[in-house]
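Okay, so here's the structure we're looking at.
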Protein chains: 2
Amino acid sequence: MNIGDVSIRSGLPVKTIRYYEDIGLVSPLRSENGYRTFQEKELHKLSFLARARSLGFTIEVCRTLLGLYDDHSRESSDVKRIANEHLEQIETKISGLETMRAALSHLIDECAGDHRPDCPILEDLGGISEH
Amino acid sequence: MNIGDVSIRSGLPVKTIRYYEDIGLVSPLRSENGYRTFQEKELHKLSFLARARSLGFTIEVCRTLLGLYDDHSRESSDVKRIANEHLEQIETKISGLETMRAALSHLIDECAGDHRPDCPILEDLGGISEH
DNA sequence: GCTTGACCCTCCACCCACTGAAACGTTTAC
DNA sequence: GTAAACGTTTCAGTGGGTGGAGGGTCAAGC
């Protein structure tokens, strides 16, 4: 398989696949013309990466997970711990964003949004908080 | 005021303030020894930026908002539109993260997390989805 | 056999919003 | 006088790619 095929089958952009080779996540062979040649195994790795990335795992954690995937003597507790740490980070991000959303939507509700210049949003940003 | 004072009073790291000067968000004067000298107005701008950034506005949007803040003939509808666009982006991010959280916590629940190698998390990433 | 278009290659620069570190000058407190 | 705490510049790096220039290769159609 050439890179275009694995791109379609893994769902990863061609550029991303080259980048993943650069950082040592996959190691496709090369044919005589210099084209990358992917075996099923490499395609499988790329699909693994696509899925793990879509769950928000960082590249470095993906590298670890790939290692655990290949290591048949792993303990599932190791994987679960990594996943739990990541879940916590996701939850932290969500609550940060929810705080932003609450503050912002409150300001938006207060703002008339008409042709006049008076704007509680700018007043808040400017620190004229008198309440 | 020197940069350290405005750092404390605005809540922004010294490095960030220098960076904001670099990209033209603030323009402090310089005293004879080369130190940046901040007027109240510049401090006020930096506090505005700190607050806007904490609400997740990008630097470029902050630049626009600062312009609107200074423009007393602005219309509040312009500000509200920008805020609403940003709110939508926040909500998109939140729902993306919530999708991740759901998928991930489902997998974590399925995983025994013991000394055995069997792990639904890795099975999912590996694409052995047979259900 | 020649052209066209779809592939493929490498290499460099850029995105965002900082942050760290090196190497140095200035001010302040004791 | 000296040490600490401040200030300065400049360069490089972060994460995870993306865009573009400037080429080489391959298959199909004429």
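Residue numbers begin at 1 in each chain, while the letters A, B, ... track the order of the sequences.
Between B:H44 and B:Y69, the ring planes lie perpendicular to each other; the angle is over 60°, past the 30° to 60° tilted range.
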Which pairs, protein N/O on one side and nucleotides 3-5 of chain D N/O on the other, fall under 3.5 Å?
none

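Across the protein-nucleic acid pair, A:D22 atom CG and D:dG17 atom C1' stand 11 Å apart, rounded to whole Å. C:dA17 atom P lies 17 Å from atom CD1 of B:I17, rounded to whole Å. Atom-to-atom, CG of A:L25 to C1' of D:dG17 comes out at 12 Å; the value is rounded to the nearest Å. When rounded to the nearest whole Å, the span between CD1 of A:I23 and P of D:dT18 equals 12 Å. One interatomic measurement links the two molecules: CZ of A:R63 to P of D:dG16, which rounds to 11 Å at whole-angstrom precision. Between the P atom of C:dC8 and the CD atom of A:E32 lies a distance of 18 Å, rounded to the nearest Å. In this structure, CD of B:E60 is placed 11 Å from C1' of C:dA17, rounded to the nearest angstrom.
In this structure, A:E32 has no salt bridge (Lys or Arg N to Asp or Glu O under 4.0 Å) partners at least two apart in sequence or on a different chain. For B:E60, the salt bridge (Lys or Arg N to Asp or Glu O under 4.0 Å) partners are B:R63, not counting sequence neighbours. Legend: residues meeting ring pair (Phe, Tyr, Trp, His ring centres under 6.0 Å) with A:F57, ordered by chain and number and at least two apart, are A:H86. Every residue was checked against the ring pair (Phe, Tyr, Trp, His ring centres under 6.0 Å) condition with B:Y35, not counting sequence neighbours, and none meets it. Applying the salt bridge (Lys or Arg N to Asp or Glu O under 4.0 Å) rule to A:E98 yields the partners A:R101; only residues at least two apart in sequence or on another chain are considered. A search for salt bridge (Lys or Arg N to Asp or Glu O under 4.0 Å) contacts involving A:E42 returns nothing, not counting sequence neighbours.
Neither OP1 nor OP2 of C:dC8 sits under 4.0 Å from any side-chain N or O of A:R36. Of the side-chain N and O atoms in A:R18, none sit less than 4.0 angstrom from OP1 or OP2 of D:dG19.
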Got a list of side-chain donor-acceptor pairs under 3.5 Å for residues 90-97 of chain B, not counting sequence neighbours?
unit_1	atom_1	unit_2	atom_2	d
B:T92	OG1	B:E88	O	2.9
B:S95	OG	B:E91	O	3.1
B:S95	OG	B:T92	O	3.2

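Applying the salt bridge (charged side-chain N to carboxylate O under 4.0 Å, His left out) definition to pairs two or more places apart or across chains, those involving residues 105-114 of chain B are B:D114-B:R116. Note on residues 17-26 of chain A: pairs passing side chain to side chain donor-acceptor pair (under 3.5 Å), not counting sequence neighbours, are A:E21-A:R30, A:E21-A:R36.
Residues from residues 84-101 of chain B lying near DNA chain D, meaning a heavy-atom separation below 4.0 Å, are absent.
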(request) Scan nucleotides 18-30 of chain C nucleotide by nucleotide, 5' to 3', and note B when protein non-hydrogen atoms come under 4.0 Å of the base, S if they reach only the sugar-phosphate, - if neither. (result) BSBB---BBS---
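Across all strands shown, A:I3 has heavy atoms under 4.0 Å from sugar-phosphate atoms exclusively, and none from any base.
Counting only distance, with no hydrogens or angles, the side chain of A:S7 and the backbone of A:L12 share a donor-acceptor pair below 3.5 Å.
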